[in-house]
2 protein chains.
Amino acid sequence: MSAPYAEPMDHREDRARPPSPPTLRDVAERAGVSKSLASLALRGDPGVGEARRASVRQAAEDLGYRPNRVARALAETRSGTVGVLLNDLRNPWFVDLLAGLTAALDGGGLAPVLADSFTARRIGRSAVDQLLAQRVDAIVVVGTTEDDAPLREAATSGCPVLLAGTYEPGDLDADVVVNDDRHGAVLATRHLLDLGHRRIVHLTGPGEVGRLRAEGFRATAEAAGLPAWTVAGGMSEESGYAAARRLLEDKARPSAVFAYNDLAAIGALSAAHDLGLEVPRDVSVVGYDNTHIAAIRPVSLTSVDNGTFAIGVQSGRFAIERISGRIGGARVHRVAASLEVRRTTGPALL
Amino acid sequence: MSAPYAEPMDHREDRARPPSPPTLRDVAERAGVSKSLASLALRGDPGVGEARRASVRQAAEDLGYRPNRVARALAETRSGTVGVLLNDLRNPWFVDLLAGLTAALDGGGLAPVLADSFTARRIGRSAVDQLLAQRVDAIVVVGTTEDDAPLREAATSGCPVLLAGTYEPGDLDADVVVNDDRHGAVLATRHLLDLGHRRIVHLTGPGEVGRLRAEGFRATAEAAGLPAWTVAGGMSEESGYAAARRLLEDKARPSAVFAYNDLAAIGALSAAHDLGLEVPRDVSVVGYDNTHIAAIRPVSLTSVDNGTFAIGVQSGRFAIERISGRIGGARVHRVAASLEVRRTTGPALL
DNA sequence: CTGTTAGCGCGTTCAG
DNA sequence: CTGAACGCGCTAACAG
């Protein structure tokens with residue numbers, strides 16, 4: 001057994017292929033200090049001499065040391081992660097919001113962990129359970145979710161819960177960050193009224209958010225002497241398509257459709273197209289969320305901008321506060337809504 | 001030094017609000033058994049009596065016990081997670097692939113952990129580093145990435161790397177799962193030729209995948225006696241827009257554009273629209289990936305279907321094999337490509 | 001400033 | 001079948 005070379009190094013590296021990653025102890029030994037000092041030095045503790053620090057840093061560098069986050073999480077009993085509960089990654093609104101959320105979390109040394117309940121549902125255990133098992137330090141619920149019970153459980157078990165773009169579940173003192181849904185709907189409805197539309201239908205969506213948007217629509221329509229015509233339209237492209245199709249097939253079809261969100265609005269566009277109706281000549285369509293899909297030129301959907309990025313950022317800030325301090329709970333932060341007019345809305349033909 | 005021993009009861013539960021989640025020991029105590037038995041019982045070890053098992057299960061239920069995954073990961077020196085490296089969540093292809101991947105991973109008791117290098121880049125540390133620090137058991141690279149060096153490091157440090165929809169980096173014995181890019185491009189090009197197009201341009205994209213698609217295009221075009229007209233078009237909507245805009249502004253503009261992917265194709269659609277060109281009358285456009293955005297009716301993009309879901313599934317399977325067994329490495333699995341014809345392609349006017 | 005000692009919560013021996 | 005003991009890699013509380 002002639003060793004290829006008599007390497008006088010520690011026996012971690014002379015092993016065959018699977019070299020277990022270097023640990024803090026390896027670094028400490030190589031630098032000739034104790035583990036705790038190595039830890040302090042690497043984490044920038046002010047009470048460590050420059051010389052020591054440099055040699056520890058060097059040793060870490062040489063060994064290609066990476067602090068093991070799972071060990072750290074166990075020791076700190078906090079993982080430095082926050083769970084983000086989405087319910088469908090295909091909804092671009094979630095993705096847009098995530099950008100703002102991640103940016104804010106990063107400022108607090110936190111990293112997002114994604115979980116879409118759509119995926120988790122197949123698996124049996126709820127997405128919330130998965131997150132809790134991972135010991136996330138907080139959970140941000142993005143948009144409407146069905147995962148009610150587990151969430152309630154999480155909140156009472158001490159895990160801070162933040163609501164972004166939704167009010168549900170309402171009975172767990174969570175901070176909520178939303179846009180002014182009622183006013184957003186007012187803007188959309190006024191826009192259609194200004195274009196001369198008199199037969200406007202609103203495709204309603206779920207939750208308090210859906211209720212507020214419907215309320216804004218109803219108030220504005222009725223103030224203009226119109227009936228508050230609403231039909232359930234869901235929050236997906238498919239459901240929006242189905243609802244719009246039924247409406248547009250009818251003799252007495254609406255001249256304008258204001259949908260709960262962009263996805264449903266796109267479904268409505270599809271329905272119009274399939275029925276040979278031209279947008280906006282035969283029917284105008286307005287969405288909500290102003291996602292990047294709405295901005296795609298072949299779509300060019302007029303949509304209410306709800307400050308998606310800002311909502312993400314504020315949710316992240318709230319999360320940081322709840323995790324570090326003990327501030328917060330049941331706050332409501334409302335972001336302004338505005339209307340982005342594109343090419344799916346036009347004057348009513350009468 | 002008055003010892004805090006004075007507490008007569010288990011000082012876990014009599015504390016105020018923030019009750020630390022129950023541990024395995026709590027469960028064991030409540031069920032009147034040892035920790036090890038509790039562990040075995042909960043994990044379904046066959047050598048545990050039914051009565052015992054039931055009482056342990058019951059105790060766990062009562063306490064709302066959730067096994068702490070970070071503790072488990074630390075003890076097992078494997079986390080049960082695989083890192084998924086995306087580079088832009090806004091690209092719907094990634095999201096579609098993720099569905100297949102998650103499904104497959106779930107079969108092996110693994111869960112995906114998402115990391116988009118787009119987000120990570122701002123943060124400084126590369127996304128790969130983040131994943132490695134989390135001790136993911138494998139990394140699946142989805143699509144082209146710039147994170148070359150860290151990936152190479154990861155691979156040589158013993159973390160299995162899988163490539164889904166890309167060949168890069170090529171020198172780390174990773175399994176790769178792709179579609180037949182060359183043939184996909186042939187299908188797209190033939191389709192345009194069959195429609196009578198003679199001035200076809202291909203917007204090329206990055207990497208070996210981009211090269212293969214370009215090669216398929218070139219071969220097919222030249223076989224038809226056409227020049228192999230190619231222009232760099234990138235992989236984003238913006239870059240596709242810019243490239244297409246320059247081309248379409250020109251007097252001698254192409255009658256058909258075959259883009260590297262759907263996003264770039266959508267950019268091309270936008271450019272055409274902005275220039276007052278009608279699709280497909282004035283110019284035909286073909287994408288690649290057949291994402292759900294392509295299927296949106298107002299878009300209705302003709303696109304090459306590359307079996308996104310299947311690629312995800314196969315990547316997941318490979319990952320499981322690499323993690324559990326020691327099989328694998330440098331395998332190539334190729335999925336068939338097909339063409340989905342929609343409404344952005346039509347006959348050439350001549 | 002440093003080093004030593006305990007755990008964090010769980011899996012896994014290994015004796016009883 | 002049981003229960004005690006150890007270790008995963010790290011942080012935190014103490015002593016020196």
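The chains referred to below are lettered A, B, ... by the order of the sequence lines, with proteins before strands, and numbering in each begins at 1. What you see below is based on every heavy atom in this structure, not just the backbone, and it leaves out hydrogens, waters and symmetry mates.
Using a 4.0 Å heavy-atom cutoff across all strands shown, B:S36 reaches at least one base atom of the nucleic acid. Using a 4.0 Å heavy-atom distance criterion, B:L37 is classed as a sugar-phosphate-only contact. B:L24 comes within contact range of the sugar-phosphate backbone alone, with a heavy-atom separation under 4.0 Å but no base atom that close.
Out of C:dT4, D:dG7, D:dC10, the shortest distance to the side chain of A:S34 is found at C:dT4. Of the candidate nucleotides D:dG9, C:dT12, D:dG3, C:dT12 has the atom nearest to the side chain of B:S39.
B:R78 places its CZ atom 18 Å from the P atom of C:dC10, with the value rounded to the nearest Å. The separation between A:L132 atom CG and C:dG9 atom P is 15 Å, rounded to whole Å. Distance A:L42 CG to D:dT11 C1': 13 Å, rounded to the nearest Å. Distance A:L40 CG to D:dA12 P: 9 Å, rounded to the nearest Å. Between B:R72 atom CZ and C:dC10 atom P the separation is 9 Å, expressed in whole Å. If you take CG of B:L74 and P of C:dT12, they are 13 Å apart, rounded to a whole angstrom. Residue B:K35 contributes atom NZ, which lies 13 Å from atom C1' of D:dG7 at whole-angstrom precision. B:R69 has its CZ atom 14 Å from the C1' atom of C:dG11, to the nearest Å.
Along DNA chain D, the nucleotide nearest B:E50 and the nucleotide nearest B:E76 are compared for position; the residue whose nucleotide lies closer to the 5' end is B:E50. When each of B:R52 and B:A71 is assigned the nucleotide of DNA chain D bearing its nearest heavy atom, the one mapping closer to the 5' terminus is B:R52.
Looking only at distances, no side-chain donor or acceptor of A:N91 sits under 3.5 Å from a matching main-chain atom of A:D88. Checked by atom type and distance alone, the side chain of B:S79 never pairs as donor or acceptor with a backbone atom of B:A73 at under 3.5 Å.
Between B:R43 and C:dT12 there is a side-chain polar atom (N or O) within less than 4.0 angstrom of OP1 or OP2. OP1 or OP2 of C:dC10 sits under 4.0 Å from a side-chain N or O of B:T23.
Considering only heavy atoms from C-beta on, A:R52 comes within 4.5 Å of A:V33 through its side chain.
Here, D:dC6 and C:dT5 have their P atoms 15 Å apart, quoted to the whole Å.
A distance of 7.0 Å separates CZ in A:R331 from CZ in A:R322, rounded to the nearest 0.5 Å. Here the CG atom belonging to A:L163 is positioned 9.0 Å from the CG atom belonging to A:D175, to the nearest 0.5 angstrom.
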